[in-house]
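Quick notes on the structure that follows.
Not measured: the values here are computed from a predicted model. So that the names make sense, note that chain A is the first sequence line, chain B the second, and so on, each numbered from 1. Only heavy atoms go into these numbers, but all of them, side chains included; no hydrogens, no water, no symmetry mates.
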Protein chains: 2
Amino acid sequence: MTTMGDVARIAGVSASTVSHVLNGTRKVNAETRLRVEAAIEETGYRSNVVARALAGGRTHTVGLSISALTNPYFGGLVHAVERALSDAGYVLIVGDSHDEVDSEKRVVDSLLGRRVDGMIVAPAAGSERATLPEITGTGTPLVLIDRGADIAADQVSAENLDAARSLTEHLLDLGHQRIGVVRGKPGISSTTERFDGHLAALTGRGIELDDDLVLDGDSNTDTAEREVRALMSSTDRPSALVSMNNAMTIGTLKAVRSLGLSIPGDVALVCYDDFEWSDLFEPKLTAAAQDVDTIGATAVELLLRRMRGDDAAPQRIQVPTAFHHRNSCGCG
Amino acid sequence: MTTMGDVARIAGVSASTVSHVLNGTRKVNAETRLRVEAAIEETGYRSNVVARALAGGRTHTVGLSISALTNPYFGGLVHAVERALSDAGYVLIVGDSHDEVDSEKRVVDSLLGRRVDGMIVAPAAGSERATLPEITGTGTPLVLIDRGADIAADQVSAENLDAARSLTEHLLDLGHQRIGVVRGKPGISSTTERFDGHLAALTGRGIELDDDLVLDGDSNTDTAEREVRALMSSTDRPSALVSMNNAMTIGTLKAVRSLGLSIPGDVALVCYDDFEWSDLFEPKLTAAAQDVDTIGATAVELLLRRMRGDDAAPQRIQVPTAFHHRNSCGCG
DNA sequence: CTGAAAGCGCTAACAT
DNA sequence: ATGTTAGCGCTTTCAG
């Protein structure tokens, strides 16, 4: 592998000059530049980013800790983040935290050891006390994505509360009184906020929450399926269901279908999180759609700003969620 | 940020000793080890992987060039690869090639510049002549994933031909004579192989291919939708359709649905690629499911072997594809 | 406009 | 069993 020194020798200049033509970091005579460029061309030289990082103190690398690459929502998020980052000349290192503090800590440690210039994390439950402080302790710029946490860092997520409230209100408007809710993973802000939205809708209409109607799907499709099946098999089943994220929706649909119940005939359904193919499900899903592209792009934007040294007060951005009215609610 | 030197000074030893206790790379007195460990604990020292990489010549990093993070199939693949890699102590750098040689080249250049220890790529069309030689030229271990290419490198993908043939044969068994086929992106091996499977099924039954029935969906949902709509609006439309990948399937379903046709009543459908929620679509999809987990894990395994210096002849592994018989074919 | 030299933080001979 | 010393390949003062 040719090094900068090789190129310099061939071009008959010093390594420092080669470095400067490569980075445009100081004026060099047109003619010498040409010689250097010729030497680079001739040798097929490719600058060593590792050495550059060590000498320069910046790795041009950003770490992302995410919880479930298999979930299409997170896939879209990674995609959006990767694009924005690569546009800005950074590369993305991804780690999967499985939404668990222990693996999250491992991921973050590895990222920090690699001296990423910045970090984007979708914090697992309990992250505030374990891994987040570790990051801020190193001074590495950090932005939280998808979920919030009680720390001084930029955070960007979808608007959860109002969107979830609209979902439940829609059901209420249709006359439903007993509404089951399938919650996601406990301890993360999105779950809490969406549930609060549900609650707000209920109390807004003077309806008291019935604990029997709140299910913990734990953001796991199988768990959700089991829980929903149990609830819907009971004698006193609800007339409508609200699912709080896409994994919950899949589980819910499977459960309802396996019971031979029809949607919205036997039970109405509204969902937080949309799919590209939501209208191919039977029935078409009425859903609140997060704007992943904007969420990802915004997170990167905030991060880049921090990396440039901006030390304004942390921002908490909520990206609007769109309501897609289709058939599963029963009024398509 | 504390360095190894700092730790050494505090522990009253040399940097080299610290390095050795950290890496277990030579025997050190139990007592000195303890002192070093105490110093590490005290300072919160975290070893600098960048410096380590420069000095050691290995970055413990693997690059992945993939074509569409938004596609759940690739999301699953990235997930599988990430897990296998992290189990082996490597981190994953991902780049999205958008299935286009130009961006692929950009991704690969960036990865090579970062001196990844190995590389996994889902080659875009035309990659053999552009970016793949560049990789092998550097001596970086390489394994191709999802698609093959005519170069001397390990490659792992799903079994395409036989699986696709079975799909078409199933339709043939049901009496269909005019079968439309929606192909994916041209120029990549998976598209070619799957189409060959279709062809083999046809010729096996003495049926000649009708060019009007082959559609190029270009692995793009919208294109597929448009093409399918055109074909199905014609007077002489086929009685069955085979979709060659999941993006094509979405487009096909949208098209058929928008025409008010029913599946399998008006047209039967079988698909290459499965979804976790395939049986939630209307109708449930009869599909050939790739085993992403095995594909990803196998690719990593082959890569690690190469990185260890194995120079056996390149392998080409095809992971079996499972046939999921559901309703869209018309015989559920 | 360009070169020399120090140094980024670590590893790995080579000594002792 | 541990320390010394050279680098790894680049960036960046500091000189000229």
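Between the side chain of A:Ser67 and the main chain of A:Ser97, no donor-acceptor pair closer than 3.5 Å is present.
Salt-bridge annotation for B:Asp102 and B:Lys105: absent, with no side-chain N of the basic residue lying under 4.0 Å from a carboxylate O of the acidic one.
OP1 and OP2 of C:dG9 both lie 4.0 Å or more from every side-chain N or O belonging to B:Thr3. For the pair A:Thr17 and C:dG3, the criterion of a side-chain N or O lying under 4.0 Å from OP1 or OP2 is met.
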Might you work through the salt bridge (Lys or Arg N to Asp or Glu O under 4.0 Å) test for A:Asp109 and A:Arg106, ending with a clear yes or no? CA-CA 5 Å; A:Asp109 269 335; A:Arg106 226 169 303 132; over 6 Å; no
Take B:Val292 and B:Val319 through the side-chain contact (heavy atoms from CB on, under 4.5 Å) test and state the conclusion after the steps. CA-CA 9 Å; B:Val292 265; B:Val319 176; over 6 Å; no
Any chance you could lay out the side-chain contact (heavy atoms from CB on, under 4.5 Å) test for A:Asp154 and A:Arg306, step after step, and finish with the verdict? CA-CA 9 Å; A:Asp154 292 321; A:Arg306 291 292 171 200; 2.6 Å; yes
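Per the geometry, CG belonging to B:Leu34 stands 12 Å off P belonging to D:dT2, to the nearest Å. Look at CG on B:Asn48: it is 5 Å from P on C:dC10, rounded to the nearest Å. Put simply, CZ on B:Arg35 is 11 Å from C1' on D:dT2, counting in whole angstrom units. At whole-Å resolution of the value, CD in B:Glu31 and C1' in D:dA1 are 12 Å apart. Summarising the geometry, the separation between CE on B:Met1 and P on C:dC10 is reported as 10 Å, rounded to the nearest angstrom. Taking atom NZ of residue B:Lys27 and atom C1' of nucleotide D:dA1, one finds them 10 Å apart after rounding to whole Å. Rounded to whole angstrom, the span from the OH atom of A:Tyr45 across to the C1' atom of D:dG9 amounts to 7 Å. Rounded to an integer number of Å, the gap from CG of A:Asp6 to C1' of D:dC10 is 13 Å.
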Can you give one letter per nucleotide of nucleotides 11-16 of chain C, 5' to 3': B if a protein heavy atom sits under 4.0 Å from the base, S if only from the sugar-phosphate, - if neither? SB-B--
Residues 81-91 of chain B, side-chain donor-acceptor partners within the protein, below 3.5 Å, at least two apart:
unit_1  : atom_1 : unit_2  : atom_2 : d
B:Glu82 : OE2    : A:Asp96 : N      : 3.4
B:Tyr90 : OH     : B:Arg58 : NH2    : 3.4

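Summarising the local packing, CZ of B:Arg316 is surrounded by more than 12 heavy atoms from other residues, nucleotides or ligands at distances under 6.0 Å.
Using a 4.0 Å heavy-atom criterion, one finds that A:Val13 contacts the sugar-phosphate atoms exclusively.
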